[in-house]
Amino acid sequence: MRLMQDRIRIKSVETLSDDWYVLKKTTFDYRRQDGSWQTVSRETYDRGNGAAILLYDPARGRVLLTRQFRFPAYVNGHPEPLIEACAGLLDDRDPETAIRQEAAEETGYRVAAPRRVFEAFMSPGSVTERLVFFVAEYSPADRASDGGGIQAEGEDIEILEPTLAEALAMVERGEIMDGKTILLLQYTQLHRLLG
């Protein structure tokens, strides 16, 4: 297989929006598998890379999730706040530092030993973001604040502590529809992190 850098020739890049994040339109020549060249145009939304974590309490068999309003989900017909694993953008921090800070801000819990489990592109057809996924144990003794997010950033986060079985049932019923959360819940079940 040829390296992608030998199959792409950028012709033009146009910034369509640079407000919240950066939306660009790129026109490029792409060498197809048969060796022919095709001119293609794609839009990419660059919001930076991020990290997500599922906190789990092995003593109580619980996972820690957040519930918050997400406007893009709302305009796509999802009337409820989304139930999610804690997550956030890296913002020039290493993934472990970023996820520790996000967990403290969103959930109020200190994360002692986050374990990096995998990385994934969540919507590679248009979004450049790569997420680093973590899991970590927590207990009620790790609670340092109320959490809830940063009000100045428009965050208004509620904390949920279902059992793993309850959370997986919520996925089945369509109550949890966030991709990163579903992946982390399935990882937790597959690797039997909770008895």
Side-chain angles (χ1 to χ4, degrees), residues 47 49-74 76 78-91 93-123 127 129-151 153-195:
R47 45 176 272 132
N49 293 323
I53 191 167
L54 184 67
L55 299 174
Y56 65 97
D57 182 342
R60 297 183 303 137
R62 303 220 169 249
V63 294
L64 190 65
L65 300 174
T66 65
R67 182 180 355 230
Q68 62 181 310
F69 174 70
R70 297 295 198 178
F71 185 72
Y74 174 77
N76 196 18
H78 188 73
E80 303 291 328
L82 285 181
I83 298 171
E84 306 176 45
C86 173
L89 296 176
L90 300 184
D91 294 329
R93 300 169 291 181
D94 67 272
E96 186 173 319
T97 300
I99 204 58
R100 284 175 187 266
Q101 185 175 347
E102 289 295 329
E105 290 171 0
E106 291 187 7
T107 71
Y109 283 85
R110 288 184 304 268
V111 177
R115 183 164 52 94
R116 190 179 189 142
V117 292
F118 58 88
E119 294 183 23
F121 291 99
M122 297 304 291
S123 188
V127 180
E129 180 182 35
R130 180 195 324 239
L131 279 180
V132 179
F133 289 80
F134 292 89
V135 294
E137 291 187 19
Y138 83 102
S139 74
D142 297 322
R143 185 112 195 217
S145 74
D146 290 337
I150 300 174
Q151 185 176 356
E153 293 179 6
E155 294 179 328
D156 183 23
I157 298 170
E158 178 186 354
I159 306 304
L160 307 174
E161 287 188 280
T163 65
L164 178 60
E166 289 168 344
L168 291 169
M170 293 166 79
V171 172
E172 292 278 331
R173 293 191 302 266
E175 295 169 29
I176 295 178
M177 297 184 68
D178 175 65
K180 66 185 176 298
T181 305
I182 294 168
L183 286 170
L184 282 167
L185 290 169
Q186 290 176 340
Y187 178 91
T188 301
Q189 181 182 40
L190 181 65
H191 292 273
R192 296 185 172 92
L193 299 181
L194 293 172

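- Atom CZ of Arg67 and atom CG of Leu82 lie 10.5 Å apart (nearest 0.5 Å).
- When every heavy atom of Ala87 is checked against every heavy atom of Lys180, the shortest pair comes out as CB-CE, 3.3 Å.
- Between the side chain of Arg143 and the backbone N or O of Asp146 there is at least one donor-acceptor pair closer than 3.5 Å.
- The two residues Pro114 and Ala136 come nearest to each other via the heavy atoms CA-CB, 3.8 Å.
- Judged purely by atom type and a 3.5 angstrom limit, Arg130 has no side-chain atom pairing as donor or acceptor with the backbone of Met122.
- In this structure the side chain of Leu183 reaches within 4.5 angstrom of the side chain of Phe118, judged on heavy atoms.
- For the atom pair CD of Gln186 and OG1 of Thr181, the computed distance is 11.0 Å after rounding to the nearest 0.5 Å.
- Summarising the local packing, CZ of Arg173 is surrounded by more than 12 heavy atoms from other residues, nucleotides or ligands at distances under 6.0 Å.
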Self-check item: Stepwise side chain to side chain contact (heavy atoms under 4.5 Å, CB included) check, Val117 with Tyr187
Solution: CA-CA 9 Å; Val117 292; Tyr187 178 91; 3.2 Å; yes
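- Shortest non-hydrogen contact noted between Ile157 and Gly149 is CD1-CA, 3.9 Å.
- The residues Arg115 and Glu137 are annotated as not salt-bridged, no charged nitrogen and carboxylate oxygen being separated by less than 4.0 angstrom.
- Residues Ala98 and Leu90 share a closest heavy-atom pair of CB-CD2, 3.8 Å.
- Annotation: side chain of Leu65 is in contact with side chain of Pro162 (closest heavy-atom distance under 4.5 Å).
- Atom CG of Asn49 and atom CG of Asp91 lie 10.5 Å apart (nearest 0.5 Å).
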Self-check item: CA sep, side-chain torsions, deciding dist, call: Ile159, Thr66, side chain to side chain contact (heavy atoms under 4.5 Å, CB included)
Solution: CA-CA 5 Å; Ile159 306 304; Thr66 65; 4.3 Å; yes
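- A salt bridge links Arg47 with Glu129: the closest approach of a Lys/Arg side-chain nitrogen to an acidic carboxylate oxygen falls below 4.0 angstrom.
- Side-chain contact between Leu185 and Val171: present, with at least one pair of heavy atoms (C-beta onward) separated by less than 4.5 Å.
- With rounding to the nearest 0.5 angstrom, the CZ atom of Arg100 is 8.5 Å from the CD1 atom of Ile53.
- Side-chain contact between Glu119 and Pro95 is absent, with no heavy-atom pair separated by less than 4.5 Å.
- The two residues Ile176 and Ala167 make their nearest non-hydrogen contact at CD1-O, 3.6 Å.
- Side-chain contact between Val135 and Tyr56 is present, with heavy atoms from C-beta onward closer than 4.5 Å.
- Crowding of Asp94 atom CG: a count of heavy atoms from other residues, nucleotides or ligands under 6.0 Å exceeding 12.
- The aromatic rings of Tyr109 and Tyr138 sit perpendicular to each other, their planes meeting at more than 60°, with 30° as the lower class boundary.
- With rounding to the nearest 0.5 Å, the separation of CG in Asp178 from CG in Leu184 is 9.0 Å.
- Among pairs with a residue in residues 101-111, those fulfilling salt bridge (Lys or Arg N to Asp or Glu O under 4.0 Å) read Arg93-Glu102, at least two apart in sequence or across chains.
- Taking CG from Leu193 and CG from Asp57, the interatomic distance works out to 12.5 Å, rounded to the nearest 0.5 Å.
- Other residues, nucleotides and ligands contribute only 12 or fewer heavy atoms inside 6.0 Å of the OH atom of Tyr74.
- Val63 places a side-chain heavy atom less than 4.5 Å from the side chain of Leu194.
- No donor-acceptor pair closer than 3.5 Å links the side chain of Glu175 to the backbone N or O of Met170.
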Exercise. For Thr188 and Leu164, run side chain to side chain contact (heavy atoms under 4.5 Å, CB included): C-alpha distance rounded to whole Å, both residues' side-chain angles, the deciding distance at 0.1 Å, then the answer.
Key: CA-CA 8 Å; Thr188 301; Leu164 178 60; 4.0 Å; yes
